2 protein chains.
Amino acid sequence: MAGQAIKIELNAVIVAVAGSDPQILIDPSLALPSGPFETGHRTLEQGLRNWAKSKSDQPLGYVEQLYTFADRDRTTGSQRVVSIGYLALVRATPTTEMIWSPWYRHFPWEDHRKGVPPVIAKTIMPGLNAWKAAAPDAAAKRDRAQRITVAFPKDMRHWNEELVLQRYELLWEAGLADETMKGGKAKSAGLGVAMAHDHRRIVATAMARLRAKIKYRPVVFELMPDAFTLLQLQTTVEALAGLRLHKQNFRRLIEGQGLVEETGAMTTGAAGRPAQLFAFRREVFAERAAIGTKLPRSS
Amino acid sequence: MAGQAIKIELNAVIVAVAGSDPQILIDPSLALPSGPFETGHRTLEQGLRNWAKSKSDQPLGYVEQLYTFADRDRTTGSQRVVSIGYLALVRATPTTEMIWSPWYRHFPWEDHRKGVPPVIAKTIMPGLNAWKAAAPDAAAKRDRAQRITVAFPKDMRHWNEELVLQRYELLWEAGLADETMKGGKAKSAGLGVAMAHDHRRIVATAMARLRAKIKYRPVVFELMPDAFTLLQLQTTVEALAGLRLHKQNFRRLIEGQGLVEETGAMTTGAAGRPAQLFAFRREVFAERAAIGTKLPRSS
DNA sequence: CCCACTTATGCTCCTTTTGAGCATTATTAA
DNA sequence: TTAATAATGCTCAAAAGGAGCATAAGTGGG
């Protein structure tokens with residue numbers, strides 16, 4: 001049984017998008033906002049919301065539980081910490097003590113909007129190949145080779161933007177992303193800015209979840225203002241996915257799904273033809289619970 | 001801070017499929033197998049695996065963390081319990097003290113393989129409509145109406161088999177699925193066999209997750225024997241999804257994805273033309289990390 | 001006012017994927 | 001031999017997805 005005391009901690013990955021940068025809220029010591037689990041709350045989520053409102057001044061919008069971590073070799077100190085990770089989406093607002101940190105600062109290899117990031121060829125692949133070569137036996141070597149191919153495919157058309165966590169864990173195992181801090185400064189062999197404890201892993205989990213989710217649930221709108229152009233929407237999705245999208249087809253997709261409605265207003269002042277301003281149609285929740293099935297149903 | 005003691009408990013929804021019945025492992029008191037979190041383990045999942053191996057004699061195959069629950073009004077007794085739910089898939093084997101319980105016994109409204117279950121029209125809709133009518137104000141009424149329509153659509157072609165949890169919570173809120181036990185026997189207004197504590201909710205979470213997952217990850221194979229016919233595979237998927245599938249298109253889907261390979265052997269003795277026996281191609285993990293994107297990627 | 005540039009928006013074409021169902025084949029049971 | 005039961009092959013049409021051309025409507029600078 002548990003002789004050791006267990007502490008439960010809530011960690012929140014609070015995401016906002018500013019222009020074309022997804023950002024996460026961290027404190028100056030590169031740690032995620034976190035707090036103890038208060039037994040007074042009715043549910044975990046409620047506890048998180050209350051705590052977030054009191055601590056930062058971010059009232060959380062969309063909230064989703066991510067994962068509960070309790071790895072012994074990842075937590076610091078003597079006390080066993082069980083950390084429950086949450087993903088929260090908010091519309092960006094200024095903060096006091098906290099910092100909005102662009103998430104690609106911590107994951108530079110995940111941003112493929114301007115082509116394949118050079119760090120992959122320059123640092124990551126050599127590092128991973130060395131790690132593969134150092135495998136203890138042939139089976140391990142095959143396994144490592146396979147994981148590398150899946151996470152960082154040779155042909156970048158096969159890049160799967162959802163595999164954020166697998167990639168991070170791969171880099172971590174290969175010793176390319178350890179979170180050792182150098183006097184408060186990030187290290188990590190140049191592979192992005194490290195974070196406190198295992199927080200970068202939690203962020204990776206959040207990124208993966210969010211990148212997957214935007215494809216089948218209209219969660220992006222939680223990050224948008226009330227009225228927005230389709231380009232702004234596309235830019236936000238591109239920012240999250242780390243990919244460029246086809247403009248006309250993106251429009252067709254969004255409009256075809258009836259996710260938005262025209263507000264009647266137009267943009268003004270910017271370069272180019274003025275764009276219509278759209279608003280999210282909240283009714284979609286009522287209409288289409290069915291999102292996408294992949295099974296060949298009959299009858 | 002936490003003045004109250006917190007206990008961490010692992011709950012496992014262990015699923016197997018026997019013929020055309022998905023089953024979960026429970027004990028005679030209708031509780032999921034569960035055990036305390038031992039601080040000695042390296043990770044939560046490892047703890048679960050060790051515990052499962054010692055307690056039941058099920059060596060767990062595929063394991064996935066589901067959700068961490070800590071609702072105050074759902075836990076019993078004075079001590080606050082945080083329960084971490086897991087989904088595990090195993091190939092059915094006999095058990096000692098535990099019982100394999102068909103999951104549709106607890107969720108009769110979820111099995112649409114033989115048409116819409118009568119319990120929906122007979123009990124559920126009247127109950128939900130009464131609950132809707134009893135809404136305190138107009139806004140709440142609209143909200144309830146909407147949730148009902150999404151979970152139990154008028155037109156059953158819009159039935160979304162993934163919404164297991166939403167449906168269960170709806171029924172629970174409407175008082176149609178409360179877990180009050182009558183002398184160890186199930187009650188619940190005829191709506192399926194109740195379970196201990198909030199375990200039916202955990203099972204609902206597991207069902208929802210599994211139904212979603214079989215669509216984009218080859219997890220069904222964890223439930224299949226080494227060699228199987230495509231019909232057996234289809235039957236298993238249908239059992240999980242609670243839906244009938246189109247046979248030829250199912251075959252096309254599976255073969256087209258290269259998920260299986262012929263073993264060369266055929267079935268014998270059964271009625272009808274003998275079927276080929278197939279085996280899961282484990283190489284698919286190596287080949288196709290990319291499963292399905294829904295974003296209109298460019299370049 | 002005209003021109004270069006920029007973004008918005010409409011549409012077409014072609015390829016793939018899905019949905020539905022017909023037809024044929026190979027066994028067992030009567 | 002016939003009926004019943006499954007397996008398997010194939011076709012056809014509809015829907016969804018990928019790529020790109022063409023046109024419209026602004027801004028900014030001569």
Side-chain angles (χ1 to χ4, degrees), chain A residues 19-20 156-159 161 214-216 227-238 241 243-278 288 290-299, chain B residues 19-20 155-159 161 215-216 227-238 241 243-278 288 290-299:
Chain A
S20 53
M156 278 299 168
R157 279 173 306 184
H158 297 145
W159 175 262
E161 83 283 359
I214 49 175
K215 292 181 183 169
Y216 61 96
F228 47 83
T229 67
L230 290 183
L231 180 58
Q232 284 165 348
L233 183 63
Q234 179 178 346
T235 304
T236 303
V237 173
E238 288 179 335
L243 292 173
R244 319 230 65 230
L245 306 179
H246 181 116
K247 190 166 175 172
Q248 294 95 323
N249 290 347
F250 180 80
R251 161 185 300 270
R252 176 173 68 185
L253 185 72
I254 299 295
E255 292 188 317
Q257 301 209 88
L259 291 174
V260 297
E261 62 194 355
E262 304 179 2
T263 61
M266 308 280 287
T267 55
T268 55
R273 175 173 170 176
Q276 287 194 66
L277 288 165
F278 291 85
R288 310 175 314 103
I291 313 291
T293 168
K294 282 277 186 178
L295 296 175
R297 294 166 76 140
S298 89
S299 93
Chain B
S20 53
D155 183 344
M156 278 299 169
R157 278 173 304 185
H158 298 145
W159 175 264
E161 84 283 357
K215 291 181 183 168
Y216 61 96
F228 48 84
T229 67
L230 290 183
L231 180 58
Q232 285 167 346
L233 183 64
Q234 179 179 348
T235 304
T236 303
V237 174
E238 287 179 337
L243 292 173
R244 318 230 65 229
L245 306 179
H246 185 278
K247 190 165 172 173
Q248 297 94 321
N249 290 347
F250 180 80
R251 161 186 298 271
R252 177 173 67 188
L253 185 73
I254 300 295
E255 291 187 317
Q257 300 208 81
L259 291 174
V260 297
E261 61 194 355
E262 304 178 2
T263 62
M266 309 281 285
T267 56
T268 55
R273 175 172 170 175
Q276 288 194 64
L277 288 165
F278 291 85
R288 311 176 312 107
I291 313 291
T293 169
K294 283 275 186 182
L295 295 174
R297 294 167 74 144
S298 88
S299 88

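Keep in mind it's a predicted model, so treat the numbers as computed, not measured. Convention: sequence-line order gives letters A, B, ...; per-chain numbering from 1. Any value given below was found using the heavy atoms of this structure, including those in side chains, with hydrogens, waters and symmetry copies removed.
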To the nearest angstrom, how far is [X] atom [atom1] from [N] atom [atom2]?
| X | N | atom1 | atom2 | result |
| --- | --- | --- | --- | --- |
| B/F250 | C/dT17 | CZ | C1' | 17 Å |
| A/L277 | C/dT7 | CG | P | 16 Å |
| A/R297 | C/dG19 | CZ | P | 10 Å |
| A/R244 | C/dT7 | CZ | C1' | 13 Å |
| A/E255 | C/dA8 | CD | P | 12 Å |
| B/L253 | C/dA20 | CG | C1' | 15 Å |
| A/R251 | C/dC11 | CZ | C1' | 12 Å |
| B/R157 | C/dG19 | CZ | P | 14 Å |

If you compare all heavy atoms of [X] against all heavy atoms of [Y], which two are closest, and at what distance to 0.1 Å?
| X | Y | result |
| --- | --- | --- |
| B/A241 | A/L295 | CB-CD1, 4.0 Å |
| B/F278 | B/E262 | CE2-CG, 3.7 Å |
| A/F228 | A/Q232 | CA-OE1, 3.2 Å |

Open item on the list: Any donor-acceptor pair, under 3.5 Å, between the side chain of B/R252 and the base of D/dG9, if you only look at N and O atoms?
Closed with: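 By the distance-only test, no, there is no pair.
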Open item on the list: At under 4.0 Å between heavy atoms, how does the protein contact nucleotides 20-30 of chain D? Give one character per nucleotide, 5' to 3', with B, S or -.
Closed with: BB--BBBS---
Open item on the list: Please enumerate all residues that pass side-chain hydrogen bond (donor to acceptor under 3.5 Å, both in side chains) together with A/Q234, with sequence neighbours excluded.
Closed with: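 A/Q234 satisfies side-chain hydrogen bond (donor to acceptor under 3.5 Å, both in side chains) with A/E238 only.
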TODO: Give one of base, sugar-phosphate or nothing for A/L230, where a contact means two heavy atoms less than 4.0 Å apart.
DONE: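 Nothing: the residue A/L230, judged by heavy atoms under 4.0 Å, touches no strand.
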Open item on the list: Nearest to the side chain of B/K247, heavy atoms from C-beta on, is which of C/dT9, D/dA7, C/dG19?
Closed with: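 The closest nucleotide is D/dA7.
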Under 3.5 Å donor-acceptor pairs involving side-chain atoms of residues 265-276 of chain B, not counting sequence neighbours:
residue : atom : partner : partner atom : Å
B/T267  : OG1  : B/A275  : N            : 2.8
B/T267  : OG1  : B/A275  : O            : 3.4

Open item on the list: Here's a test for you: under side chain to side chain contact (heavy atoms under 4.5 Å, CB included), which of A/Q248, A/H246, A/K247 qualifies with B/S298?
Closed with: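 Single pass found, and it is A/H246.
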TODO: Give me the one residue out of A/I214, A/I254, A/L243 that meets side chain to side chain contact (heavy atoms under 4.5 Å, CB included) with A/V237.
DONE: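 Single pass found, and it is A/I214.
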- [ ] Select from A/M266 and B/M266 the residue whose nearest nucleotide in DNA chain C is closer to the 5' end of that strand.
- [x]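 The answer here is A/M266.
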